Amino acid sequence: GSKFSFNVDFKIDKNTKSESIKNETHISENKKYNILVAEDNKINQIVTKNLLKKEGYSCTIAINGEKALEALREQHYDLILMDINMPVMNGNDATKAIRKFNTKIPIVALTASNIEDLKEGYKAIGYNDIITKPFDNYEFFQTISTEIENAKGEKFKLVIAS
């Protein structure tokens, strides 16, 4: 039953351009993040790759979970966007396999399924978060940047304990 309140004063930097929060992605200009996209649908591959490149991310496409595993063993990635339903090896199996040798990389599930069906078990599979398709671009980039920042320890967290 404790209540806490406080005031925080922020100074406004008048030397920076003011832009809509919708355009904010929290990615530093001097960093280029490399994202692996595991997606079997050609249209989704093109859309996702173009969207990521437009925001300054480097992107590699893997056509199924097996190819994603191969790519991850050959190159460093900062985050994986993993479609759940793919041929050869689905996203859940690929994520479980990745977690056997890499527990640090953020893996975000991409799904057209009902998110409520996945809410219970996605962490146990090894995903860090879920994005449902079709996705909102703002939420898409917020999820990506948050997971990369968390993995790299770049996020400031305020914790209040009583």
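Predicted model, so just to flag it, every value in this text is computed and none were measured. Side chains included, hydrogens not; waters and symmetry mates left out as well; all remaining heavy atoms used.
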Exercise. Please test N102 against K104 for side-chain contact (heavy atoms from CB on, under 4.5 Å), starting from the C-alpha separation and ending with a verdict.
Key: CA-CA 6 Å; N102 188 330; K104 303 280 188 224; 3.8 Å; yes
Quiz prompt | Qualifying residue for side-chain contact (heavy atoms from CB on, under 4.5 Å) with T60, from V37, I80, L36 | solution = L36
Quiz item: Shortest non-hydrogen contact from Y77 to L72?
Solution: CD1-CD1, 3.9 Å
Quiz item: Distance from T111 atom OG1 to Y127 atom OH, nearest 0.5 Å?
Solution: 8.5 Å
Practice problem: Provide the closest heavy-atom pair for R99 versus I125 in the form atom of the first, atom of the second, distance. | Solution: CG-O, 4.4 Å
Quiz item: According to a 4.5 Å side-chain heavy-atom criterion applied to Ile, Leu, Val, Met, Phe, Trp and Tyr, with indirect links allowed, do L110 and I46 form part of one hydrophobic cluster?
Solution: no
Exercise. Could you go through the side-chain contact (heavy atoms from CB on, under 4.5 Å) check for I84 and N92 one step at a time?
Key: CA-CA 6 Å; I84 292 177; N92 292 344; 3.8 Å; yes
Quiz item: According to a 4.5 Å side-chain heavy-atom criterion applied to Ile, Leu, Val, Met, Phe, Trp and Tyr, with indirect links allowed, do I61 and V88 form part of one hydrophobic cluster?
Solution: no
Quiz prompt | Smallest separation among heavy atoms of L69 and M89, with atom names | solution = CD1-SD, 3.5 Å
Quiz item: Which value, rounded to the nearest 0.5 Å, describes the distance between I105 atom CD1 and L79 atom CG?
Solution: 6.5 Å
Quiz item: Which pair of non-hydrogen atoms, one from S58 and one from K32, has the smallest distance, and what is that distance?
Solution: CB-CE, 3.8 Å
Quiz item: From K96 NZ over to N90 CG, what is the distance, rounded to the nearest 0.5 angstrom?
Solution: 8.0 Å
Exercise. Taking all non-hydrogen atoms of both residues into account, name the closest pair between A151 and P106 and its distance.
Key: CB-CG, 3.6 Å
Quiz prompt | D78 side-chain N/O to N34 backbone N/O, donor-acceptor pair under 3.5 Å | solution = yes
Self-check item: Listed once per pair and sorted, the salt bridge (Lys or Arg N to Asp or Glu O under 4.0 Å) pairs that draw on residues 66-75, sequence neighbours left out
Solution: K67-E70
Quiz item: What pairs meet the salt bridge (Lys or Arg N to Asp or Glu O under 4.0 Å) rule with one or both residues in residues 79-89, with sequence neighbours excluded?
Solution: D83-K133
Quiz prompt | Spatial distance of atom CD1 (I131) from atom CG (L81) [nearest 0.5 Å] | solution = 6.0 Å
Quiz item: How far apart are the closest heavy atoms of M82 and I98, and which atoms are they?
Solution: CE-CD1, 3.8 Å
Self-check item: Student check: side-chain heavy atoms of T48 and C59 closer than 4.5 Å
Solution: no
Quiz prompt | Parallel, tilted or perpendicular: ring planes of Y57 versus Y33, cut at 30 and 60 degrees | solution = tilted
Self-check item: Spatial distance of atom CE (M86) from atom CG (D93) [nearest 0.5 Å]
Solution: 9.5 Å
Self-check item: N128 side chain vs I107 backbone, donor-acceptor pair below 3.5 Å
Solution: yes
Quiz prompt | Nearest-0.5 Å distance that lies between atom CG in D129 and atom OG1 in T143 | solution = 5.0 Å
Quiz item: Apart from V47 itself, what residues make up its hydrophobic cluster when side-chain heavy atoms of I, L, V, M, F, W and Y under 4.5 Å apart count as a link, directly or indirectly?
Solution: I43
Quiz item: Taking S145 for the side chain and Q142 for the main chain, is one N or O donor matched with an acceptor at less than 3.5 Å?
Solution: yes
Quiz prompt | Joint hydrophobic cluster, V108 plus I63, side-chain heavy atoms closer than 4.5 Å | solution = no
